[in-house]
Participant: 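Structure incoming, see below.
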Amino acid sequence: MQHEIIISGFGGQGALFAGQLLAYAGLAEGRHVTWIPSYGPEMRGGTANCTVIISDEEIGSPLVRRPTAAIVLNPPSFDRYEPLMQKGGVLLSNASLIAATSKRSDIRALPIKANEIAAELGAAQMANVVLVGSLVAITDVVRLETLDAVLEEHVSARHRDKLELNKQALRRGAAIAQ
Amino acid sequence: MTRELWKGNEAIAESALRAGLEAYFGYPITPQTELLEYLARKMPEMKRVFIQAESEVAAINMVYGAAAGGARVMSSSSSPGVSLMQEGLSYIAASEVPVVLVDIMRGGPGLGNIAPTQADYFQLTKGGGHGDYHPIVLAPATVQEAADLTYEAFDLAEKYRCIVIVAADGNIGQMMEPAELPAPRQIDKRDRGWELTGAVGRERRIITSLYMQPEDLEQVNVRLQGKQKQIEQNEVRYQEYLLDDAEYAVIAFGTAARVALTAVKWARAKGIRVGLFRPISLFPFPYARVAELSKKVRALLVVEMNAGQMLEDVRLAARDALPISFFGKMGGTVPFPDDVLPEIEKMVG
């Protein structure tokens, strides 16, 4: 099984970090992983995205045009990736910012008010982590417990006080997607 | 050692340190900058020399000087920066000092853009600077291979006293993948008989690229060409995938090869007997193996992230033995497997 995931949002929404979480978790579970960021001349308010592949087999192309799953955090990302989703793919959109919904019947599209959920927990900037939780609940790409361990390892000292909140955000995201 | 998640640029930097890099000179340029930043952080702590030069021109000449002094030395840059270094590289090639250079290729010509390409193939493999010389050019396709080839590049540079270039596209510099980096090693600091270490108590040595007498310069060129022949005999590297029973073959290097491999597997699933040939050494190019391959299969498809540069070497190797088609993406746009699959189907006809 090969998961080809794109995570996209405004710079600052944590699209790249969310992708790294998944990549580190994939590695911790002994899978093959690649993580590629968009590294264009981004500016504040511009869109940043990354492609993460997690696979049981060696990964050929690290570049993906049509993802099996996507987390879109802002409207431009929804517009860009919704039409590109593979049949049967999972599209998680941040309904706090994205009014549009998918008309496609061949994908599983789930709008989730991730900003509000994160804000209820106490930190609106965890919307990305909420949606990673949702993704894991739907796709089983990695296990939640592995993500906990990855968070413990990779949340910087400065944000150490947010560690438990992040774990809760994962679980809230997972619960709402189930 | 354990597998860790490394960004390509940082894996190359760490691997160079573990290979015994003593001195680094460079100038920042996207998409290579993390490499320089990593070394800027680590090298002062390790009491090694890191200098951010005022330009690429200055950096390559500092590299030249440090190499002449016998230091294990490297620089890194991206396409426009590497263009600026070409004069210095030609001097280095003529002076026969060992130097490692990393080119994390971006869009060109001109200032171009910062997106990944493979459009420096001609410049890197055919010399780049003036005069008759070729650097050894190694093209990794994964972060692991980028680390391994960088480590090995220092040995090759010293073995042949030549330039070794690690040529990766921006994707490999920016991508994170699991890799197990080579172990740190001590370098052998024995006098090798040519480096400039102060002539106290011994004959003086001269490192130069200036030979005013044509006969003298001819001798230098003859020596360089002899070394190049040895390199062509000893240092050809490539990898083959699914070629044993193949009726068709795709040839690609670096990221393009990975994209092509996925397309090859898709084509296999449709019953097409196709394989992939991936040159790892771009110079020396695996001419002999491509020539053999071109007698074995019915057609070749070359895939590159440029307008068709390695394509010319494939044609040189294959002569007119079989039809050769080409698919390329330019300007920093990247190929996807679903672009390459129809090209394979077209080749099959």
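So you know, we letter chains A, B, ... as the sequences are listed, proteins then strands, and number each from 1.
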Participant: Which residues in residues 327-342 of chain B have any heavy atom closer than 4.5 Å to a heavy atom of chain A?
Facilitator: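 Those residues of residues 327-342 of chain B which have a heavy atom under 4.5 Å from chain A are B:Val334, B:Pro335, B:Phe336, B:Pro337, B:Asp338, B:Asp339.
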Participant: Does atom CZ of A:Arg158 have more than 12 heavy-atom neighbours from other groups under 6.0 Å away?
Facilitator: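 No, the 6.0 Å shell around CZ holds no more than 12 heavy atoms from other groups.
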Participant: Verify the neighbour count for atom CG of A:Asp161: are there more than 12 heavy atoms of other residues, nucleotides or ligands below 6.0 Å?
Facilitator: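 Result for CG/A:Asp161: enclosed.
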Participant: Which region of A:Ile59, side chain (C-beta onward) or backbone (N, CA, C, O), has a non-hydrogen atom less than 4.5 Å from a non-hydrogen atom of chain B, or is it both or neither?
Facilitator: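 It is both, since atoms from each part get that close.
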Participant: Report, in residue-number order, which members of residues 79-97 of chain A are under 4.5 Å from chain B by heavy-atom distance.
Facilitator: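 Residues of residues 79-97 of chain A touching chain B at under 4.5 Å: none.
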Participant: Would you say B:Arg268 has more than 12 foreign heavy atoms packed within less than 6.0 Å of its CZ?
Facilitator: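 More than 12 heavy atoms, drawn from other residues, nucleotides or ligands, come within 6.0 Å of this atom.
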Participant: Please find the pair of heavy atoms, one from A:Thr34 and one from B:Arg258, that lie closest to each other, and give the distance.
Facilitator: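 Heavy atoms of A:Thr34 and B:Arg258 come nearest at CG2-NH2, 3.6 Å.
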Participant: Distance check, rounded to the nearest 0.5 Å: B:Met176 atom CE versus A:Cys50 atom SG?
Facilitator: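 The SG atom of A:Cys50 is 10.5 Å from CE of B:Met176, to the nearest 0.5 Å.
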Participant: Heavy-atom pairs under 4.5 Å with chain A - which of B:Gly170, B:Ala257, B:Ala141 has more of them than the others?
Facilitator: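 The answer is B:Gly170.
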Participant: Relative to chain A, which segment of B:Thr142 carries a heavy atom at a distance below 4.5 Å: side chain, backbone, both, or neither?
Facilitator: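 Looking at B:Thr142, nothing touches chain A.
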Participant: Output the option from A:Pro37, A:Gly60, A:Gly26 having the highest count of non-hydrogen pairs under 4.5 Å with chain B.
Facilitator: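 Winner by heavy-atom pair count: A:Gly60.
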Participant: Between B:Glu177 and A:Val33, what is the shortest heavy-atom contact and its length?
Facilitator: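 For B:Glu177 and A:Val33, the tightest heavy-atom pair comes out as CG-O, 3.7 Å.
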Participant: Hey, could you give me the CG/OG1 distance between A:Leu63 and B:Thr255, rounded to the nearest 0.5 Å?
Facilitator: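 Reported to 0.5 Å precision, the distance equals 6.5 Å.
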Participant: For A:Val64, is it the side chain, the backbone, both, or neither that has a heavy atom closer than 4.5 Å to a heavy atom of chain B?
Facilitator: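 Only the backbone of A:Val64 comes within 4.5 Å of chain B.
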Participant: Please report the closest heavy-atom contact between B:Thr262 and A:Ser61, naming both atoms and the distance.
Facilitator: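 Result for this residue pair: OG1-N, 2.7 Å.
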